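Numbered from 1 within each chain, the chains take letters A, B, ... in sequence-line order. Keep in mind that the numbers below use all heavy atoms, side chains included, and drop hydrogens, waters and symmetry copies. Owing to the predicted nature of the structure, the values given are computational and were not obtained by experimental measurement.
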There are 2 protein chains.
Amino acid sequence: MNDKQPIFDVDRILHEPARLMITTILYTAEEADFLFLLQQTGLTKGNLSAHLSKLEKEDYVEIEKTYRGKVPQTLCRLTKTGRKAFEDYRRQLNKILKEMK
Amino acid sequence: MNDKQPIFDVDRILHEPARLMITTILYTAEEADFLFLLQQTGLTKGNLSAHLSKLEKEDYVEIEKTYRGKVPQTLCRLTKTGRKAFEDYRRQLNKILKEMK
DNA sequence: GTAAACAAGTTTGTATCGCAAACCAGTTTG
DNA sequence: CAAACTGGTTTGCGATACAAACTTGTTTAC
């Protein structure tokens, strides 16, 4: 944003609550499929799909398309980049909170 | 956002870093003029103006246009609503951070 | 066996947003 | 009095987030 208040310069990818939610789940769950994320987040299918695509494009998440029997299944995992971004974002949020006291 | 993860349902007005920065300054400074905010935030004039308008429209900030001698001066203060929103947002951020551990 | 319902996502449409650049009214300087 | 400066506001535009509509394939009903 600027260099006067770099503290408030956050990762816009993770600053979006829906994506932070997804990422938080994947950070501890290691792996989750589309329907699990759908249920945990309460997002619509369209939005979940779009946010996952964005996270994939940023290389924060890797997506594996497989089948559970004959039914398609979309598996999601955080990449190394994604894990690091999550940890960085968490640190940044802590700094911001300190600034807000 | 949803009721499955209400923790991630934040105030979108303050979730924007530029506005959070402005609001954080006003929370402790009580009153600040346009040029002071400009310098402290490092925003461009256009963006500062737009974000202040938005904060005013939400009744988070009140704006008083006066003169310092012959020179126009825009004074900004948080409203009661704004102070409360700031405190709520800070609480919400704390909850999110806990969820992220 | 085929039509209707369902499952798992993806694509489309739209209103909003955040940003920089251009603009503007008034003041000061040369 | 013209040019430059101040203190902002408005405009233009690409990107975003969301819901609704669509798609591809499978299962169920009859």
Side-chain angles (χ1 to χ4, degrees), chain A residues 1-6 8-23 25-26 31-58 60-77, chain B residues 1-6 8-23 25-26 31-58 60-77:
Chain A
M1 173 166 312
N2 64 88
D3 16 85
K4 304 274 182 56
Q5 296 271 14
F8 288 85
D9 195 2
V10 299
D11 178 345
R12 292 289 186 153
I13 300 301
L14 295 185
H15 199 55
E16 171 57 33
R19 284 191 296 264
L20 184 58
M21 203 159 43
I22 295 167
T23 305
I25 292 168
L26 292 178
E31 184 174 83
D33 68 7
F34 191 90
L35 293 178
F36 178 77
L37 289 174
L38 196 61
Q39 175 225 330
Q40 289 290 305
T41 60
L43 294 168
T44 62
K45 292 185 294 179
N47 288 339
L48 178 54
S49 176
H51 285 305
L52 282 174
S53 293
K54 182 140 205 168
L55 288 167
E56 185 184 25
K57 190 176 137 219
E58 294 292 323
Y60 281 13
V61 162
E62 55 187 10
I63 292 175
E64 187 187 350
K65 293 192 160 299
T66 71
Y67 284 89
R68 189 168 25 86
K70 289 181 173 177
V71 180
Q73 187 186 33
T74 299
L75 286 174
C76 312
R77 265 173 258 102
Chain B
M1 173 166 316
N2 64 87
D3 14 272
K4 305 274 180 56
Q5 296 270 16
F8 287 85
D9 196 2
V10 299
D11 179 345
R12 294 289 187 151
I13 300 302
L14 294 185
H15 199 55
E16 171 57 35
R19 285 191 296 264
L20 184 58
M21 202 158 47
I22 295 168
T23 305
I25 293 169
L26 292 179
E31 184 175 84
D33 68 6
F34 190 92
L35 293 178
F36 178 76
L37 290 173
L38 196 62
Q39 176 225 329
Q40 289 290 304
T41 61
L43 294 169
T44 62
K45 291 186 293 178
N47 288 339
L48 178 55
S49 175
H51 285 305
L52 282 175
S53 293
K54 182 140 207 168
L55 288 167
E56 185 184 27
K57 189 174 139 221
E58 294 291 323
Y60 282 12
V61 161
E62 57 185 10
I63 292 176
E64 187 187 351
K65 294 192 158 299
T66 70
Y67 284 90
R68 189 168 25 88
K70 290 181 172 178
V71 179
Q73 188 185 32
T74 299
L75 285 174
C76 312
R77 266 173 256 102

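Going from atom CE of B:Met21 over to atom C1' of C:dC19 covers 13 Å, rounded to whole Å. If you take CG of B:Leu38 and P of D:dG8, they are 9 Å apart, rounded to a whole angstrom. The distance between atom OH of B:Tyr67 and atom C1' of C:dT27, rounded to the nearest whole Å, is 11 Å. Residue B:Phe34 contributes atom CZ, which lies 16 Å from atom C1' of C:dG26 at whole-angstrom precision. Per the geometry, CG belonging to A:Leu52 stands 13 Å off P belonging to D:dC18, to the nearest Å. Taking atom CZ of B:Phe8 as the reference point, atom P of D:dC18 lies 14 Å away to the nearest angstrom. The CD1 atom of A:Ile63 sits 11 Å away from the C1' atom of C:dG9 (whole-angstrom rounding). Atom-to-atom, CG of A:Leu20 to P of D:dT16 comes out at 17 Å; the value is rounded to the nearest Å.
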Mind listing the N/O atom pairs, protein and nucleotides 4-6 of chain D, below 3.5 Å?
none

Can you pull every protein N or O that's under 3.5 Å from an N or O on nucleotides 16-18 of chain C?
from	atom 1	to	atom 2	distance (Å)
C:dC17	OP1	B:Lys54	NZ	2.5
C:dC17	OP2	B:Lys54	NZ	3.3
C:dC17	O5'	B:Lys54	NZ	3.4
C:dG18	OP1	B:Glu16	OE1	3.2
C:dG18	OP1	B:Arg19	NH2	2.9
C:dG18	OP2	B:Arg19	NH1	2.9

### Query
Please walk me through it: do B:Tyr60 and B:Asp11 pass side-chain contact (heavy atoms from CB on, under 4.5 Å)?
CA-CA 12 Å; B:Tyr60 282 12; B:Asp11 179 345; 2.7 Å; yes
### Query
What's the verdict on side-chain contact (heavy atoms from CB on, under 4.5 Å) for A:Ile13 and A:Thr23, showing C-alpha distance, side-chain angles and the deciding distance?
CA-CA 10 Å; A:Ile13 300 301; A:Thr23 305; over 6 Å; no
### B:Ile22 vs B:Ile25, side-chain contact (heavy atoms from CB on, under 4.5 Å): CA-CA, chis, key distance, verdict
CA-CA 5 Å; B:Ile22 295 168; B:Ile25 293 169; 5.9 Å; no
### Message
Would B:Thr41 and B:His51 count as a side-chain contact (heavy atoms from CB on, under 4.5 Å) here? Give the steps.
### Response
CA-CA 12 Å; B:Thr41 61; B:His51 285 305; over 6 Å; no
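Closest approach of A:Phe34 and A:Leu48 over heavy atoms only: O-CD2, 3.4 Å. The shortest non-hydrogen separation linking A:Pro17 to B:Phe8 is CB-O, 3.2 Å. A:Lys54 and A:Arg19 make their closest contact through CD-NH1, 3.5 Å (heavy atoms, listed as atom of the first residue, atom of the second, distance). Closest of all the heavy-atom pairs between B:Leu43 and B:Leu38 is O-CD1, 3.3 Å.
For the helix from C:dG1-D:dC30 to C:dG30-D:dC1, the axis fitted to the five pairs at one end and the axis fitted to the five pairs at the other end meet at an angle of 20° (nearest 10 degrees).
Under a 3.5 Å cut-off, the side chain of B:Ser53 and the backbone N or O of B:Ser49 do form a donor-acceptor pair. Within the 3.5 Å criterion, the main-chain N or O of B:Asp9 finds no donor-acceptor partner in the side chain of B:His15.
At a threshold of 4.0 angstrom between heavy atoms, the contacts of A:Thr74 are confined to the sugar-phosphate backbone, with no base atom among them.
For A:Thr44, a side-chain nitrogen or oxygen approaches OP1 or OP2 of D:dA19 to under 4.0 Å.
Residue-to-nucleotide proximity on DNA chain C shows that, of B:Lys70 and A:Ala50, the 5′-proximal contact is made by A:Ala50.
When side chains are defined from C-beta on, B:Leu26 does not count as touching B:Leu55, because their heavy atoms never get closer than 4.5 Å.
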